[in-house]
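Worksheet for the structure shown next.
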Amino acid sequence: MNTAQDVVRCSQCTEAVTHHCKICQKNLCLQCKDEHIDKSKSTPHEIIPFTSKHHEWQKCVDHPTELKTFYCQDCKVPICQLCPTRNHKRHGIEVLKDICETSRMTITGDLKELKIFQVEYSKVIKGLEEKATIYTEHTNHENSSLMKLGEELHKIVDREIERIQKQLANMVKEDLQILQDNKDEMQGSYKRVKYCIERNNRLLEEDNPIEMLEYKSSVDELRLVPSMKDVSPPKLIMPNIKEEKIIEQVVSLKPSVHSILPGFTISKAGDISMVSTRVLMTEPTLLKAIFTYSKKLKGICCESDEKVWIYGDDEEIKQLDKSGSILNVFNAVSKGIQKDIAINKDGHIAFAHEEDECIYLVNKKGIEKFVDMAGWIPYGLCFNSEGDLMVCMRTNNQEESKVGVFANGSLKQEIQFDNTGKPLFLPGRNNMYICENGNGDICVSDWNARAVIVMKKSGEFRFRYTGSNSPIIKNFYPHGIATDSCCRILVADRDNNCVRVIDRNGTFLRYIKCGLKDPYALSLDSEENLWVGECDTNCIRIIKYLE
C-alpha cells in the first residue's frame with residue numbers, strides 16, 4: 001500500500017508512473033505504456049502525460065491514503081476499499097476496473113456506429129451541396145429571365161407612369177380647386193358672420209330706434225352650414241399582371257372620389273345635428289327571406305351584414321347566417337313574454353329574465369348576472385353609444401313603468417316622468433322596446449300607450465308619436481324599434497303588417513311593407529339593411545330601404 005510520501009506507481013508494475021490512459025483509467029510507466037496499447041488494440045486508448053491531478057482524482061476523498069478501486073452503484077461514485085465498511089455500508093459495490101471495462105465495451109460499440117454515421121452524414125452533406133448547386137444554377141437562370149422581363153416591362157411602365165403622372169396632376173389640380181372653392185365659400189360665410197357681429201354690437205352701442213326697427217336678423221340664414229363637395233385623394237391600384245393587358249394589370253389609377261359630405265345645423269345652444277344624405281327608396285326591396293325554425297320569434301340583433309342573433313319562445317338564443325344555418329346556440333330560459341336581446345361592443349349578449357328580475361350577460365365565461373333589478377321586470381334593452389345598458393322596466397305589480405340606464409351593472413339614470421310630473425309610459429305587462437338615436441335621443445315603443453315616446457339623452461320629453469298623422473288601417477300597437485344613420489325612427493306595426501318610418505321629430509315619412517306578415521322585432525345591419533323578425537311565421541325578412 002502506498003503512503004502519502006510514495007511516488008505514484010505504474011498500475012502494471014512497480015515503476016514510477018509517466019502516463020495515464022483516460023479510457024482505461026490506468027497509470028502507466030514508459031515501458032508499460034506501449035504494452036498496454038499493443039495488448040488491447042481493438043480498444044481505443046487516450047494516453048496523456050500523468051500529472052498530480054490524476055493522482056488526486058484517484059485518491060479517496062474520505063480516505064486520502066487509499067486509491068479508488070471500487071464503484072458504488074447507489075451513490076454513482078468511485079470509492080476505495082474502506083468506504084463499503086463506513087459511508088457506503090450496505091450499498092451496491094462493484095470493482096471499478098469492471099465498470100470501466102463495461103464502459104470501454106460501450107464506447108467501442110458506439111465508436112463503430114459513429115464511424116458508420118460519419119459516412120452517411122457525409123453522403124447527406126454531399127447531396128445537399130449538389131442540390132444547393134443545382135438550386136443556385138436554377139435561380140440564377142430565373143433571375144436572369146426576371147431581369148430581362150424587368151427591362152422589357154420598365155420600358156413600357158416608364159412610358160405609362162409618365163402618362164398616369166400627368167393624369168394624377170390634373171386630378172390634384174381639380175381636387176385642390178374644389179377644396180379652395182369650399183374654403184372660399186366658408187370664408188365668405190365667416191366674413192358675413194363677423195360683419196353681423198360687428199353690426200349688432202354697433203346697433204347695441206348706438207341704440208338708434210330707427211336702425212333697431214329696420215334690423216333684419218341673419219341668424220336663421222347663417223344657422224345652416226351648407227353641404228360641400230368632398231374630395232378623397234386618388235389611389236393607385238396594383239392588380240396582378242396579365243399578358244393581354246399588361247399595363248392595366250401592373251398598375252392603374254383609381255380616380256378620385258367626389259362625394260357629398262352631410263351638412264349640419266347648429267342649434268342656439270351650439271349643438272350639432274348632422275343632415276344625412278341617404279334618402280329613402282321609392283320602393284323598398286326585399287333582399288332575402290330566412291326561415292329560422294324558431295318559436296314565436298321576438299328578439300333580433302344583427303352582428304354584421306352576414307350574421308344575426310335571434311330569441312324566441314323556445315327559450316334559445318341562436319346565431320344564424322344568411323342561409324338560416326345555426327352557427328351558435330345556447331339556452332336562455334327567461335320565462336318572460338318579451339324576448340329582447342342586445343349586443344355590446346365586446347360582442348357579449350344581454351337578455352332579460354322575467355322570473356329572476358334581472359339582466360343576464362352571455363360572455364366567454366358563460367352566462368352571468370349583469371344587472372339586478374329586484375321588484376322590477378325587464379323588457380326591452382339596448383346598449384347606447386357610451387356602452388351603458390338601457391332597459392325598459394315595469395314593476396311586478398304592473399303599476400309603474402320606466403327606463404333605467406345602467407353603467408357596469410349599477411343604475412346611472414332613471415327616466416319615468418315628464419317635466420310636469422306625469423308618467424311618460426303607461427303601466428301594464430305588455431311589450432316595451434328601446435333604442436338610441438344618432439342625435440342622442442332615447443326612443444321607446446310602448447304597446448300599452450300605443451305610442452313611440454322620444455326623450456332627450458337627459459330624459460327630457462321631446463315628443464310622442466301615436467300614428468295619428470299617418471294613413472292608418474288598424475290601431476297602432478308598436479313593437480320592435482330601430483334607428484338609422486339619418487336619425488330616422490323605424491317601428492314595427494304588427495297589426496298593420498308594416499314598418500313605419502318617422503323622422504327625428506316625429507313626422508311620418510312612409511310605410512315599409514314588402515310582404516311582411518306579423519312584423520315584431522327590428523334590427524339594422526352594418527350596411528343599413530333592415531332585418532324584420534316575424535313572430536308567427538318565425539321568418540326574417542331582409543329589406544333594402546335606403547338609396
Side-chain angles (χ1 to χ4, degrees), residues 150 152-198 218-267 270-282 285 287 304-306 385 437-440 483-488 503-504 509 524-529 544-547:
E152 295 174 2
L153 289 176
H154 270 299
K155 295 177 183 179
I156 301 172
V157 170
D158 287 345
R159 182 174 66 251
E160 291 302 316
I161 288 294
E162 184 178 355
R163 180 184 65 81
I164 293 175
Q165 283 179 330
K166 292 179 180 179
Q167 184 181 356
L168 177 60
N170 292 333
M171 286 184 184
V172 170
K173 183 178 179 181
E174 180 183 348
D175 294 348
L176 290 178
Q177 186 60 50
I178 290 173
L179 295 176
Q180 184 61 44
D181 291 345
N182 289 343
K183 180 181 176 182
D184 292 344
E185 184 177 0
M186 289 299 103
Q187 284 182 333
S189 298
Y190 173 78
K191 289 178 180 179
R192 189 174 177 189
V193 170
K194 187 176 181 181
Y195 165 76
C196 291
I197 291 173
E198 293 174 352
S218 301
V219 170
D220 289 339
E221 183 180 351
L222 293 171
R223 187 186 309 280
L224 176 64
V225 178
S227 59
M228 297 173 287
K229 277 188 177 181
D230 186 32
V231 175
S232 297
K235 183 179 180 181
L236 293 176
I237 299 176
M238 310 285 187
N240 294 325
I241 298 176
K242 290 184 179 179
E243 291 182 2
E244 61 270 21
K245 291 184 178 180
I246 296 179
I247 299 304
E248 293 180 8
Q249 295 299 320
V250 171
V251 61
S252 63
L253 182 65
K254 181 179 180 181
S256 56
V257 178
H258 294 184
S259 60
I260 303 297
L261 286 175
F264 57 90
T265 58
I266 307 172
S267 70
D271 297 327
I272 301 298
S273 298
M274 302 304 296
V275 180
S276 175
T277 58
R278 295 199 70 178
V279 297
L280 297 170
M281 295 175 63
T282 304
T285 303
L287 300 178
S304 66
D305 61 339
E306 295 291 334
S385 57
N437 209 345
N439 60 358
T483 60
D484 62 20
S485 62
C486 313
C487 294
R488 289 181 283 254
D503 69 12
R504 72 184 72 190
L509 299 177
L524 294 176
D525 64 23
S526 55
E527 299 295 327
E528 288 205 282
N529 294 317
K544 180 178 176 62
Y545 74 101
L546 294 176
E547 293 286 0

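FYI, the numbering just counts along the sequence from 1. Every value quoted in this text rests on a predicted model; they were computed, and no experiment measured them.
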* Structure fact -> Between the CG atom in Leu176 and the NZ atom in Lys183, the distance rounded to the nearest 0.5 Å is 11.5 Å
* Asked: Going through the checks in order, is the side-chain contact (heavy atoms from CB on, under 4.5 Å) test met by Met186 and Val225?
  -> CA-CA 9 Å; Met186 289 299 103; Val225 178; 4.2 Å; yes
* Nearest heavy-atom neighbours spanning Ser304 and Ser526 -> C-OG, 4.1 Å
* Asked: Do Glu174 and Asn170 get their side chains close enough for a donor-acceptor pair, meaning under 3.5 Å?
  -> no
* Donor-acceptor under 3.5 Å (Glu528 side chain, Leu546 main chain) -> no
* Asked: Once you round to the nearest 0.5 Å, how far does OG of Ser227 lie from CG of Asn182?
  -> 9.5 Å
* Asked: Hey, what do you get for CZ (Arg488) to CG (Asn437), rounding to the nearest 0.5 Å?
  -> 10.5 Å
* Asked: Which atom pair, heavy atoms only, marks the closest approach of Lys544 to Met281?
  -> O-SD, 3.3 Å
* If you draw a 6.0 Å radius around CD in Glu162, do more than 12 non-hydrogen atoms from other residues or ligands fall strictly inside? -> no
* **Interatomic spacing from OH in Tyr545 to OG1 in Thr285 - rounded to 0.5 Å** => 13.5 Å
* How long is the gap from OG1 on Thr483 to CG on Leu524, to the nearest 0.5 Å? -> 7.0 Å
* **Atom pair CG/CD of Leu179 and Gln177 - distance to nearest 0.5 Å** => 9.5 Å
* Nearest non-hydrogen partners of Asp175 and Pro234, listed with the distance -> OD2-CD, 4.1 Å
* To do: State, to 0.1 Å, how close Cys196 and Leu222 come at their nearest heavy-atom pair, and which atoms those are.
  => SG-CD1, 4.3 Å
* Structure fact -> Here the pair of heavy atoms bringing Lys229 nearest to Ile178 is CB-CG2, 3.8 Å
* **Taking every non-hydrogen atom, the tightest pair across Pro226 and Glu185** => CG-OE2, 3.8 Å
* Asked: Short question: side chain of Asp484, backbone of Cys487 - any donor-acceptor pair under 3.5 Å?
  -> yes
